[in-house]
Amino acid sequence: MNKTKGFVLKKQPFSEHDEILYVLTPDFGKIKVFVKGGRKKKSPLRGMFDSFSEFEFLLSPGRSFEKCLEAGIIRTYRITDDYDAIVCALYFCEIVYCVFPFFYPDEGIYRILSRLFMAIENGERIRLIPSGFYFILKNAGVAPVVDRCWVCGSREDIRRFDFEGGGKCRSCFGEDYLELTLETSRFFRALPYVKIEPLKRSFTAEVFKEAEYVLRTWTEYRTSVSLNTFKLINWL
């Protein structure tokens, strides 16, 4: 038996009464957890995993997935009473689910997701999304170059973004790129040198949305996975 803590990234029905959880843990990485009877009306676990919480699990190893023997809540984040907060939290969970492989232990991404939940709980929404998105990609080793031209290394006039490496100056030619506004270019140049919280500089909501769109397009291009929650982000 294994005892670990984790965040539920995604869940799905397995049968009429059972369900599968996709859980991010610091000890085993992303794993599949089978919860027998988790959907039964009288089950003590019914509805528990709907909250944005840090859980403690007692697991029994199986062939295709871990079996949940016991589960308890370590901490619940105050997210579920606010629609915008729910959307942000779901978005980050989906990004982590999409870019991290199974059984890849990484305490760094676990801490990042915890800090993101704390920031959402404290009232951050659209301003948090691009920085949180970038640091998830960086921790997964799939982040684009955003602070300089990935071709020549120049830090000046980074007004383009392509899907081979990231930021690109106007002097370097290529196809299939996005044009960046000046403010979004400035945002990206500062992004790798700050903490996961939103940048302190004053940027408009349009800059955060453009930056999110660029990172999302990059992720979908590089992973061939379309993020289901991005349509909800456009409502924030």
Side-chain angles (χ1 to χ4, degrees), residues 7-10 22 24 30 51-54 77-100 106 108-147 158 161 163 166-167 178-236:
F7 293 108
V8 176
L9 302 175
K10 177 183 176 181
Y22 295 86
L24 179 70
K30 185 177 70 175
S51 62
F52 293 101
S53 302
E54 183 178 23
Y77 295 86
R78 298 188 304 275
I79 292 176
T80 54
D81 295 333
D82 185 313
Y83 175 79
D84 289 355
I86 293 172
V87 169
C88 287
L90 287 174
Y91 195 56
F92 287 131
C93 285
E94 185 178 20
I95 295 167
V96 172
Y97 173 81
C98 290
V99 303
F100 272 85
D106 190 331
I109 188 58
Y110 192 85
R111 290 193 297 269
I112 286 174
L113 191 58
S114 176
R115 289 172 63 187
L116 288 171
F117 281 175
M118 290 175 62
I120 294 171
E121 184 180 53
N122 291 332
E124 292 293 348
R125 301 294 186 271
I126 188 65
R127 294 174 64 248
L128 179 69
I129 288 172
S131 58
F133 199 156
Y134 172 79
F135 278 98
I136 291 173
L137 295 179
K138 183 178 180 180
N139 203 262
V142 293
V145 176
V146 295
D147 61 327
I158 311 300
F161 187 98
F163 303 118
L178 300 174
E179 288 281 356
L180 302 178
T181 63
L182 179 60
E183 282 300 293
T184 302
S185 176
R186 289 173 177 169
F187 174 86
F188 276 137
R189 285 174 62 185
L191 188 55
Y193 307 102
V194 299
K195 295 181 179 180
I196 200 169
E197 288 76 16
L199 294 176
K200 300 300 182 182
R201 283 184 54 184
S202 177
F203 290 99
T204 65
E206 286 70 25
V207 170
F208 292 110
K209 289 184 178 181
E210 182 180 3
E212 183 277 332
Y213 172 76
V214 170
L215 292 173
R216 170 168 34 95
T217 305
W218 162 272
T219 303
E220 292 178 348
Y221 180 87
R222 302 293 291 189
T223 65
S224 300
V225 173
S226 180
L227 300 176
N228 295 320
T229 51
F230 86 91
K231 293 181 181 178
L232 300 177
I233 290 295
N234 291 333
W235 289 92
L236 296 184

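Quick caveat, the model's predicted, so the values are computed rather than measured. Along the sequence shown, residues carry numbers from 1.
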Sidechain-backbone polar pair: Lys30 side chain, Tyr22 backbone, donor-acceptor under 3.5 Å: no

Which heavy atom of Ile126 sits nearest to which heavy atom of Phe208, and what is that distance? O-CB, 3.9 Å

With sequence neighbours left out, the residues meeting side-chain hydrogen bond (donor to acceptor under 3.5 Å, both in side chains) with Thr219 are none

So SG of Cys98 and CD of Glu220: to nearest 0.5 Å the spacing works out to 9.0 Å

If the condition is side-chain hydrogen bond (donor to acceptor under 3.5 Å, both in side chains), which residues does Ser114 pass it with, not counting sequence neighbours? Tyr77

Indicate whether any N or O donor in one side chain lies under 3.5 Å from an N or O acceptor in the other, for Thr204 and Glu183. no

What closest approach, in Å, do Gly167 and Phe161 show between heavy atoms, and which atom pair accounts for it? N-CD1, 3.8 Å

Counting N and O atoms only, with roles assigned by atom type, does the side chain of Asn122 sit under 3.5 Å from a partner on the main chain of Met118, one being a donor and the other an acceptor? yes

Which atom pair, heavy atoms only, marks the closest approach of Gly108 to Asn139? C-OD1, 3.9 Å

Closest heavy-atom pair, Glu121 versus Arg78, reported as atoms and distance to 0.1 Å, is OE2-N, 2.9 Å

Enter the distance from Leu113:CG to Leu24:CG here, rounded to the nearest 0.5 Å. 6.0 Å

With a 3.5 Å distance limit and no angle check, can you tell me whether Arg125 reaches the backbone of Ile120 through a side-chain donor-acceptor pair? yes

Side chains of Leu178 and Val214: closer than 4.5 Å at any heavy-atom pair? yes

Please give me the minimum heavy-atom distance between Val99 and Ala140, naming the atom from each residue. CG2-CB, 4.0 Å

Distance, nearest 0.5 Å, that separates CD1 of Ile136 from OH of Tyr91: 9.5 Å

Decide yes or no on side chain to side chain contact (heavy atoms under 4.5 Å, CB included) for Thr184 and Phe188, but give the supporting numbers first. CA-CA 6 Å; Thr184 302; Phe188 276 137; 3.7 Å; yes

Is Phe163 atom CZ crowded by more than 12 heavy atoms from other residues, nucleotides or ligands, each under 6.0 Å away? yes

Residues forming a side-chain contact (heavy atoms from CB on, under 4.5 Å) with Ala143, sequence neighbours excluded: Tyr134, Leu137, Lys138

Hits for side-chain hydrogen bond (donor to acceptor under 3.5 Å, both in side chains) against Glu54, two or more places apart or cross-chain, chain-then-number order -> Tyr110

So how far is it from Cys88 SG to Tyr83 OH, rounded to the nearest 0.5 Å? 10.0 Å

Heavy-atom side-chain contact between Phe92 and Ile112 under 4.5 Å: no

Heavy atoms only: give me the nearest Ser53-Phe7 pair and the separation to one decimal. O-CD2, 3.3 Å

Worked check of side chain to side chain contact (heavy atoms under 4.5 Å, CB included) between Glu210 and Tyr213: CA-CA 5 Å; Glu210 182 180 3; Tyr213 172 76; 5.6 Å; no

Return the CG to CZ distance between Leu128 and Phe135, rounded to the nearest 0.5 Å. 11.0 Å

Gap separating the CG atom of Leu90 from the CZ atom of Phe52, nearest 0.5 angstrom: 4.0 Å

List the residues meeting side-chain contact (heavy atoms from CB on, under 4.5 Å) with Ile158, not counting sequence neighbours, and say none if there are none. Cys149, Cys169, Ser185

Looking at residues at least two apart in the chain, or sitting in another chain, which of them share a side-chain hydrogen bond (donor to acceptor under 3.5 Å, both in side chains) with Asp147? Arg155, Tyr193

